[in-house]
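Both backbone and side-chain heavy atoms feed into the values below; hydrogens, waters and symmetry mates do not. Order of listing sets the numbers, starting from 1, for every ligand and every atom in it.
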Amino acid sequence: MALKIQKDFNLSRFNTFGVPAKAKEFVEISGIEDLLLLRNYLKANPDLPFLILGAGSDVLFKGDFQGLVAHMGIQGLDFLEETDEFSFVKAYAGENWHSFVRRMLDSGHLGFENLAMIPGTVGAAPVQNIGAYGLEIAERIENVECFDLVTGEFKNLSTQECDFRYRDSIFKKKENNKLVIVSVTFKIPKQYEPCVGYRELASEIEANRIVHITASDVYACVTSLRKRKLPDPTRVGNAGSFFKNPIVDKEKLNQLLEQNPSMIFYPLAGGRYKLSAAWLIDNSGLKGIRLGDVGVWDKQPLVLVNYGQARGVDVFDLAQEVKYRVKNCFGVRLEPEVVILG
Ligand code: EPU
């Protein structure tokens, strides 16, 4: 068996921004055998730039990708041995994230509901430690199984080894781009405790007059919040939050609060503070702006959108403009959360 490499492959369907871009070469990875073949191919082509892609929901192709894109398509779920306190479920990297959350809820494996409707795949979830409504996926991970395309080894990385942080992990580091996530094993507490501390989620629960909160209630509230605030990538191209929420020290925080007493911030461990990038962009006067076919989403200004025919470079230019305006207004540097390629 040989790998089926496709040349000059159109990536429009493989990025949720829906921008036109081509990969010099493209290959579908459907099983473990393909990974072994891929390793040989990369050994024979050591200078070929390489990218592993899930649903393309956290990338921006600024231009064409002059290398090999491998699409992770390995699917399946294994229900592993349980303990008195926990269930363990191994999900393969190519599974759709939201379908996984739905299947867990339907099969009584509760505690993923806060992360419902996040676009992307199971394999992409640990890469940027996806998080929403008060939960980060690192809290539910037991280990991440990887295939090292350099050494040819399979290894299970613990959460410590993954070094999960706010929208970050070792998988985001350039030097680890040959570490392919094959599956993720989740550790699910059998005793369900709803995670409803996040302000907006708590308000939604209250507004719906829910008293005894079930996992289905959390799921319903999160999906309805997301539908109201975030653009559906199948209709309006986007990659969720384009920037991370910036982290500053006490001195910078106080300086900002002096001039902007209503500014939103969240205290973190270690005397640092997370600011709301959405608030900063909103208060730089950019919310809802549209330039040609790109824009800043009016209900959540952290999201940049492609209204139709935008090119990756148009989205990139808008992002630069947003960064520049926020820096000018508040002296805060925004960092992209989205991976910029090409
Ligand atoms: N805000 C404004 N103006 C607006 C909208 C929001 O000032 O027009 C302020 C609001 O006061 C709001 C605050 O921004 O309270 C925060 O908004 P939100 O609750 O939407 O959270 P966020 O910090 O902007 C993060 C994640 C989202 C995740 C939400 C909900 C990051 C970079 N983004 O956004 O994740 O869905 O929390 O938990 O951490 C993603 O990563 O792609 C993503 C969408």
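Only one option out of F86, F88, F79, F186 pairs with H109 in a ring-ring contact (aromatic ring centres under 6.0 Å, His included); it is F79.
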As a test of reading the model: which N/O atoms of the protein lie under 3.5 Å from N/O atoms of ligand 1, and at what distance?
residue	atom	partner	partner atom	Å
ligand 1	3 (N)	D282	OD2	2.7
ligand 1	8 (O)	D282	OD2	3.4
ligand 1	8 (O)	K287	NZ	2.7
ligand 1	14 (O)	S276	OG	3.0
ligand 1	19 (O)	Y198	OH	2.6
ligand 1	19 (O)	E200	OE1	3.1
ligand 1	20 (O)	K229	NZ	2.8
ligand 1	20 (O)	Q300	NE2	2.7
ligand 1	21 (O)	Y198	OH	3.0
ligand 1	23 (O)	N245	ND2	2.9
ligand 1	24 (O)	Q300	NE2	2.9
ligand 1	33 (N)	S241	OG	2.9
ligand 1	35 (O)	R167	NH2	3.1
ligand 1	38 (O)	Y133	N	2.6
ligand 1	39 (O)	Y166	OH	2.7
ligand 1	39 (O)	R167	NH2	3.3
ligand 1	41 (O)	R167	NE	3.2
ligand 1	41 (O)	R167	NH2	3.0
ligand 1	41 (O)	E337	OE2	2.8
ligand 1	42 (O)	S241	N	2.8

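With Y307 as the aromatic partner, R290 meets the cation-pi criteria of under 6.0 angstrom to the ring centre and within 45 degrees of the ring axis. K274 forms a cation-pi arrangement with Y166, by the criterion of a distance under 6.0 Å to the ring centre and an angle within 45° of the ring axis.
Atom NZ of K190 has more than 12 heavy atoms from other residues, nucleotides or ligands within 6.0 Å.
At a threshold of 4.5 Å between non-hydrogen side-chain atoms, the residues D217 and I205 do not count as touching. Between L35 and I74 there is a side-chain heavy-atom pair separated by less than 4.5 Å.
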